[in-house]
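Just so you know, ligand 1 is whichever comes first in the structure, and atom 1 is the first atom listed for that ligand. This one's a predicted model, so the numbers in the text were calculated from it and none came from an experiment. We use all heavy atoms of the structure for the numbers below, so side chains are in, but hydrogens, waters and symmetry mates are not.
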Amino acid sequence: MGSHQEREENGGAAAEGQEISAPGSIHGFESLHRLLEANLKPPIFQEVSRLLLGLNSWSPLQRISLPMAATTLSEAYNFDLQAFCFHADAEYLREPQIVRVGLIQNSIALPTTAHIADQKNALMQKVKPMIDAAGASDVNILCLQEAWMMPFAFCTREKKWCEFAEPVNGESTQFLQKLARKYNMVIVNPILERDVNHGETIWNTAIVIGNHGNIIGIHRKNHIPRVGDFNESTYYMEGNTGHPVFETAYGKIAINICYGRHHPLNWLAFGLNGAEIVFNPSATVGELSEPMWPIEARNAAIANSYFVGSINRVGTEIFPNAFTSGDGKPEHSDFGHFYGSSHFSAPDASCTPSLSRYRDGLMVSDMDLNLCRQLKDKWGFRMTARYELYAEMLSKYLKPDFTPQVIVDPMLQKRK
Ligand SMILES: NC(=O)NCCC(=O)O
């Protein structure tokens with residue numbers, strides 16, 4: 001694999017004959033952005049970027065540099081490292097509220113056939129240098145990907161994978177609590193949870209660890225997919241924690257776990273509870289969702305006047321026993337390629353380019369949270385929302401005697 005420096009000099013492209021065949025690359029490039037940058041003339045690339053990524057405070061989003069300790073780690077451990085800055089306008093009465101936020105994407109560390117304890121340990125060792133790089137960069141709030149402490153084995157429907165489940169204060173939380181304390185960082189820990197106080201039931205849960213290493217609270221995934229190989233309903237039920245917003249030392253955050261991003265009301269509810277940053281830790285594959293990926297989070301950020309941090313795992317995970325999902329496809333042993341592409345979206349419709357489509361990565365961004373209210377004032381989406389209309393519509397819709405409000409063209413009746 002080409003070095004970080006070679007890739008930078010080559011616009012993120014593979015050195016000839018090297019990564020062209022890397023599974024998940026886009027014609028040898030790590031991301032669409034890097035492909036365009038390497039292939040378009042600079043003024044054309046600038047205009048394409050304006051259209052694809054928007055503008056922040058009337059300018060292209062700025063890259064920022066990170067300390068050498070972070071870049072050295074990214075080179076030593078071969079993870080993509082990118083950093084940006086979202087500005088807001090200066091205000092008379094409020095100071096800027098700038099927080100530094102990080103997203104981590106990763107592939108699994110050992111084959112899915114390895115001992116479960118070894119797989120977990122190897123995953124912790126794998127993400128550690130990325131967390132250290134976030135710490136060296138003074139990241140304030142960091143979020144990992146959905147069920148980061150295991151392969152995304154829910155495609156198989158086999159119950160042996162339940163062994164990966166942990167209590168809220170289990171192994172991965174304890175591991176991250178130490179790092180939260182060390183780096184004075186809020187860390188969001190999305191895991192497969194074993195609820196020991198409620199009959200050892202299983203949930204898909206995000207645990208919010210405060211910057212003192214304390215557990216602030218949890219959120220459980222609200223919407224469970226029943227699409228393609230995402231057979232997650234075999235393992236856990238829809239969450240029972242509502243739409244909590246966690247007020248941390250660095251801002252009000254919420255977590256909309258993976259498939260919840262297809263539900264605009266889910267995004268809305270986190271916004272109504274006052275979220276300033278909503279994380280979307282995910283596990284999703286190219287064939288199913290890639291055209292939706294850059295749109296849904298960005299739309300949520302715009303519609304709800306908050307920042308969104310989207311995270312997706314990377315790589316292809318092979319399972320020992322082939323499975324089918326009742327969709328007519330021949331039996332297979334993997335989900336397909338998890339396409340990474342983690343990024344941030346802002347309430348002013350700007351967004352960062354994405355991390356690599358196939359390498360581990362740490363995305364860092366500064367964001368002035370004042371932008372949230374500035375966009376509320378500018379566009380007035382909260383004030384024009386007409387929530388009462390929708391509350392009435394939904395309460396009617398939920399009744400068994402609901403009939404859709406359809407006005408039929410009388411001419412249609414005559415023709416019959
Ligand atoms: N993990 C998960 O909910 N995946 C569902 C697929 C998708 O929403 O793209």
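- Glu171 is listed as a side-chain neighbour of Asn121, based on a closest heavy-atom distance under 4.5 Å.
- Figure legend: Lys159 and Tyr235 shown as a cation-pi pair, the cationic atom lying under 6.0 angstrom from the six-membered ring centre and within 45 degrees of its axis.
- Relative to the ring axis of Phe338, Arg313 places its NZ or CZ within 45° and under 6.0 Å from the centre.
- Within 4.0 Å of ligand 1, the residues that place a heavy atom are Glu146, Phe152, Lys221, Pro225, Phe230, Glu232, Cys258, Tyr259, Arg261, His262, Ala283, Thr284, Leu288, Ser289, listed by chain and number.
- By the ring pair (Phe, Tyr, Trp, His ring centres under 6.0 Å) test, Tyr77 is found to be paired with no residue, residues two or more places apart in sequence or in another chain being considered.
- Contact of the His337 side chain with the Arg357 side chain is registered, since non-hydrogen atoms from C-beta on lie closer than 4.5 Å.
- Side-chain contact check for Asn266 and His263: no donor-acceptor pair (N or O, by modelled atom type) lies under 3.5 Å.
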